[in-house]
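Only one structure is covered here, and it is reproduced in the block below.
Numbers restart at 1 for each chain; the letters A, B, ... are given by sequence-line order, proteins then strands. Given the structure is predicted, the values throughout are model-derived calculations rather than measurements.
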Amino acid sequence: MHRQTSLLAGVVITAAMFCSQTAMADFGRIIATGGLTSVEGSGGGGLVPWATLSSYAEEGQWGATVAYNQADVDDYKLAVKAATVSFDNRWEFSIAQQQFDLLRLGGSLKQDIYGVKYRLAGDILYGDLPQLAIGLQHKRNQSFELPSAVGAKDDSGTDIYFSSAKVWLDGLFHRTWLANITLRATKANEMGLLGFGGDVNDSYKLQGELAVGMFINRHWVVGMEYRQKPNNLGFAEEHDWHDIFVGWFPHKRIAVALAYTQLESIAGADDQDGIYGSVQVTF
Amino acid sequence: MLRVYLVSLIVLFMSPLHAAEQRLYDELGQQQGISQLMELFVLEIAADERIIHHFENVDIDRFHRMLSEHICELSGGPCEYTGESMVTVHTGMNISRAEFNAVVEHLMTAMDEQQLPVSTQNRLLAILAAFHKEVIHQ
């Protein structure tokens with residue numbers, strides 16, 4: 001955690017240097033446009049990184065978030081501590097520490113994820129073009145005994161993704177709707193928790209991810225996500241993930257999400273469904 | 001599973017289910033409702049130190065009248081907006097994206113104070129959001 005703290009400090013300083021002298025931490029975007037913090041630390045929903053940028057930093061501003069996410073399914077528990085720094089409504093840097101407890105088998109898997117996201121074009125709210133973003137997630141296993149034992153080739157890997165997100169302010173039922181599509185090239189097994197590449201496949205696979213949400217009002221959103229995953233390990237089949245979520249944005253400083261998540265079979269343990277919770281504070 | 005999501009997504013965004021509904025103008029309370037809403041909106045703007053400098057030499061009564069006229073016309077009411085185009089009005093002001101958003105938030109607050117339903121608020125916001133490109137960085 002100490003290494004992460006100093007790295008985050010480095011990111012903050014770099015961000016501050018990038019910004020012009022007039023740039024300051026501010027909240028120049030509309031509520032909820034910063035979204036939440038995903039399980040991999042990138043701004044998004046829960047399971048899927050979105051084209052949205054964390055915090056409420058507009059052009060010439062910067063912002064930061066810290067978040068804690070937890071998923072409790074039958075045989076596993078995932079805990080994620082994450083922080084992001086964004087600036088100019090253009091760049092997002094993130095860092096996440098995942099701990100995946102194996103409740104039935106005992107022990108845990110740990111992984112650190114360093115992310116960067118760049119908004120290429122478009123805006124989530126304004127204009128005809130969706131918000132388009134490209135991102136990297138560099139993942140490093142902190143424990144490789146188990147991934148190695150089940151056939152993983154590498155203890156680190158880098159996902160590359162392209163995301164497109166759009167909001168319809170006056171969508172169906174005169175409600176505000178959000179849709180996000182993410183395409184990810186990855187070698188990660190179970191998001192990287194079981195290493196990268198495997199005995200069955202050791203090359204990048206292109207995966208589709210999707211999120212749809214409807215804002216009941218400006219503070220409450222309901223929706224669902226779907227995440228395709230590759231199948232690189234012979235010891236157990238890997239499954240796609242999905243969730244149904246409720247998000248709450250009481251004001252710009254706080255965001256909370258609660259989800260029912262269906263992770264199917266993980267490492268041979270079937271029917272892993274349960275509750276996912278996420279809390280984010282924005283600076 | 002993915003196919004089900006994709007199909008439902010397409011159905012949700014393609015269906016034109018807005019037939020035979022009330023004019024936005026009526027939902028806003030016609031000319032009197034719009035005038036009240038714009039008054040609350042102008043008061044919110046006037047209280048915001050981040051943006052008030054843009055209004056230093058503005059005739060507030062005329063500003064309120066032009067806003068009301070414009071919203072009346074845009075919402076389908078029996079008015080004709082007699083002011084300049086949005087580009088002309090904002091040229092030289094160099095309004096930032098953050099300032100535009102601040103004004104949107106003041107409208108949201110005014111609509112909340114006026115107790116307009118979410119659906120009405122969204123209809124008006126969608127119409128006005130389309131002016132984003134014509135207002136910022138002019």
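Defined by atom type and a distance below 3.5 Å, a donor-acceptor pair is missing between the side-chain atoms of A:Y260 and A:D243. No hydrogens or angles considered: a donor-acceptor pair under 3.5 Å links the side chains of A:Q137 and A:S42.
Using a 4.5 Å cut-off between heavy atoms, B:Q121 contacts chain A through its side chain alone, with no backbone atom that close. For chain A, no part of B:F131 is nearby; none of its heavy atoms comes within less than 4.5 Å. In this structure, chain B has a heavy atom under 4.5 Å from the side chain of A:N89, while its backbone stays farther away.
Under a cutoff of 6.0 Å and an axis angle of 45°, A:R218 and A:F249 do not form a cation-pi pair.
Here A:D123 is the residue among A:I31, A:T33, A:D123, A:D128 with the most heavy-atom pairs under 4.5 Å with chain B. Between chain B and the options A:M214, A:R175, A:R29, the largest number of non-hydrogen pairs under 4.5 Å is found for A:R175. Considering only heavy-atom pairs separated by less than 4.5 Å from chain A, the leading option among B:S119, B:A102, B:P117, B:S96 is B:S119.
Between B:F63 and B:F55, the ring planes are tilted. Angles from 30° to 60° get that label. Note: A:W91 and A:F93 have parallel aromatic rings, judged against thresholds of 30 and 60 degrees for the angle between ring planes.
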